[in-house]
Peer 1: 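One structure, as structure tokens, below. Some questions next.
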Amino acid sequence: MSLEKEAVEDSLQVTYGVDEETCPYFKTEKRGNLSIYKMNFKSLSGLHLFLSSNPTVNTNIFYTQKSKEASVKFAGEPLEQAIQYLIGGYQKDFDMFVKLRREIDKVNIKYERGRKVKPSVVGSRPNVPAFIAGAPKTMYRVDRAKEKKFIDIYVNLAYTNNTTESQIRNRGIMILNLVKLLESHEYGVNLKVFEACMVGSEAFCASVGLKQPGELLNDKKCYYPMCGKEFLRRILTRLKESVPFKENWHMSYGQVLSEKQTRIIMDIPDDSILINSPDEMGIKGEDIYADADAFLAKINLSKEISVPDYVRESEEEI
């Protein structure tokens, strides 16, 4: 076989990734000289559906796949298992995660706001003592909750290589605790995780919805993308490998953007909460209460909601 023929056959094997016409999760846009490639998934199940279809790899750029070839020590379980975790659940160290969440909840109890209950002639709950005493109002009426305010929380999953597992775990706990605090103050919360990065004149961002306003917070569903290294190092890496980049992404898989760049490229408004790496959020991964105080101080929500002093109030519990 001639070298020319071999070259032709090799060129026929090159693929360039997904395109907007056939992939509903993918779109591109141009801003000046910058090309932005976006992937958006409303849920983990949508992400699972996409990856289970084995989307076309951009072999023109990614002639090797780190999503498959990265070591177990660095990236965790193999890609096939990482994809299955999207719907099957991720259990590694989850018991410790739940245990620490409960410790935080002990401090939160006094800050939770329930619906007010008032005496009423008619209502949904009988007031037995009042009925026995012959009181005219023998039913409880549960007041309607005030109209909710809404807030978006965006979680940047990127972190440096020296970030510890306890830092990542504690950040996950802080995020879920923040959602709970906001909801107890009658906020509707929209929670998304994402990665945003850049190479040359190309930027990439992928986001996944974890919770919508009115939807119950599900710790198990949030735990994997927030704490599982497989999600960042296999799942999100596999997404990049299916994008039709033209720059040389295969070397670094992208440089992390600054907060300002992230807000611009992700179209994140100033009044939305952006959560960055554990280090940037003041999370050291040691004392859970100290991390909670540092995290909430960084977000600076004390003017909008009642914020506990976790270190002091946990000591009072003792």
Side-chain angles (χ1 to χ4, degrees), residues 13-19 22-26 37-94 97 155-161 163-165 168-169 171-172 192-199 202-210 218 220-245 247-256 277:
Q13 295 173 7
V14 174
T15 53
Y16 297 90
V18 300
D19 58 70
T22 59
C23 180
Y25 309 105
F26 175 68
Y37 302 83
K38 293 185 175 182
M39 284 192 163
N40 180 42
F41 300 89
K42 292 182 178 180
S43 65
L44 291 176
S45 58
L47 178 56
H48 177 266
L49 184 66
F50 173 71
L51 291 179
S52 295
S53 70
N54 192 27
T56 303
V57 175
N58 180 1
T59 58
N60 186 52
I61 300 298
F62 300 101
Y63 42 85
T64 59
Q65 287 183 253
K66 289 186 179 179
S67 64
K68 291 184 175 180
E69 297 181 3
S71 68
V72 171
K73 182 179 180 180
F74 174 76
E77 297 295 324
L79 177 62
E80 292 75 14
Q81 182 60 60
I83 293 172
Q84 189 58 34
Y85 283 145
L86 293 170
I87 57 170
Y90 184 75
Q91 296 296 327
K92 182 182 177 183
D93 298 327
F94 183 65
F97 183 87
V155 181
N156 187 348
L157 295 178
Y159 51 81
T160 58
N161 287 335
T163 304
T164 66
E165 290 185 1
I168 297 166
R169 177 201 63 213
R171 181 182 66 169
K192 291 184 177 183
V193 294
F194 74 91
E195 183 186 15
C197 50
M198 179 184 290
V199 170
E202 295 180 332
F204 168 78
C205 54
S207 64
V208 185
L210 295 184
N218 186 324
K220 277 192 174 182
K221 183 171 73 171
C222 297
Y223 179 64
Y224 179 41
M226 288 184 180
C227 300
K229 62 183 177 182
E230 291 89 347
F231 190 88
L232 180 65
R233 293 173 174 172
R234 294 211 191 272
I235 296 298
L236 294 181
T237 296
R238 179 63 180 87
L239 290 184
K240 293 176 192 175
E241 291 167 350
S242 66
V243 174
F245 296 124
E247 298 275 5
N248 196 16
W249 282 77
H250 82 279
M251 294 295 292
S252 66
Y253 276 65
Q255 286 78 44
V256 177
S277 70

Peer 1: Cut-off 3.5 Å, no hydrogens considered: what does the side-chain donor-acceptor table look like for residues 74-93, sequence neighbours left out?
Peer 2:
unit_1 : atom_1 : unit_2 : atom_2 : d
Y90    : OH     : E230   : OE1    : 3.0

Peer 1: Has N60 got a side-chain atom pairing as donor or acceptor with V14's backbone, closer than 3.5 angstrom?
Peer 2: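 Flag not set: sc N60 to bb V14 has no pair under 3.5 Å.
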Peer 1: My understanding is that only one of R233, K240, K66, E241 makes a side-chain hydrogen bond (donor to acceptor under 3.5 Å, both in side chains) with Y253; could you say which?
Peer 2: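 So, applying the side-chain hydrogen bond (donor to acceptor under 3.5 Å, both in side chains) to Y253 and each of R233, K240, K66, E241, only E241 qualifies.
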Peer 1: Report the distance from atom CZ of F41 to atom CG of L210, rounding to the nearest 0.5 Å.
Peer 2: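 Nearest 0.5 Å value for the CZ-CG distance: 13.0 Å.
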Peer 1: Spell out, as yes or no, whether a donor-acceptor pair under 3.5 Å connects the side chain of T163 to the backbone of T160.
Peer 2: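 Checked: pair present.
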Peer 1: Once rounded to the nearest 0.5 Å, what's the spacing between atom OG of S207 and atom CD of E195?
Peer 2: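 Going from the OG atom of S207 to the CD atom of E195 covers 11.5 Å.
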Peer 1: What distance do F194 atom CZ and L236 atom CG have between them, rounded to the nearest 0.5 Å?
Peer 2: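 Interatomic distance, F194 CZ to L236 CG, rounded to 0.5 Å: 11.0 Å.
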Peer 1: Would a distance-only check, ignoring hydrogens and angles, find a side-chain to backbone donor-acceptor pair under 3.5 Å from E247 to E202?
Peer 2: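 The answer is no, because no donor-acceptor pair under 3.5 Å joins these two groups.
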Peer 1: Enter the distance from Y37:OH to C205:SG here, rounded to the nearest 0.5 Å.
Peer 2: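 So the OH of Y37 and the SG of C205 are separated by 12.0 Å.
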Peer 1: For the pair R169 (side chain) and T164 (backbone), establish whether a donor and an acceptor sit closer than 3.5 Å, ignoring hydrogens and angles.
Peer 2: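 Not confirmed, R169 side chain does not pair with T164 backbone.
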Peer 1: Are T15 and T56 linked by a side-chain donor-acceptor pair shorter than 3.5 Å?
Peer 2: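 There is no such pair between these side chains.
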Peer 1: For the pair N58 (side chain) and F245 (backbone), establish whether a donor and an acceptor sit closer than 3.5 Å, ignoring hydrogens and angles.
Peer 2: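 Yes: the side chain of N58 pairs with the backbone of F245.
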Peer 1: Distance from M226 atom CE to K221 atom NZ, nearest 0.5 Å?
Peer 2: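 So the CE of M226 and the NZ of K221 are separated by 10.5 Å.
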Peer 1: Output every pair passing salt bridge (charged side-chain N to carboxylate O under 4.0 Å, His left out) with a member in residues 37-51, not counting sequence neighbours, ordered by first then second residue.
Peer 2: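 Non-adjacent pairs meeting salt bridge (charged side-chain N to carboxylate O under 4.0 Å, His left out): E29-K38, K38-D267.
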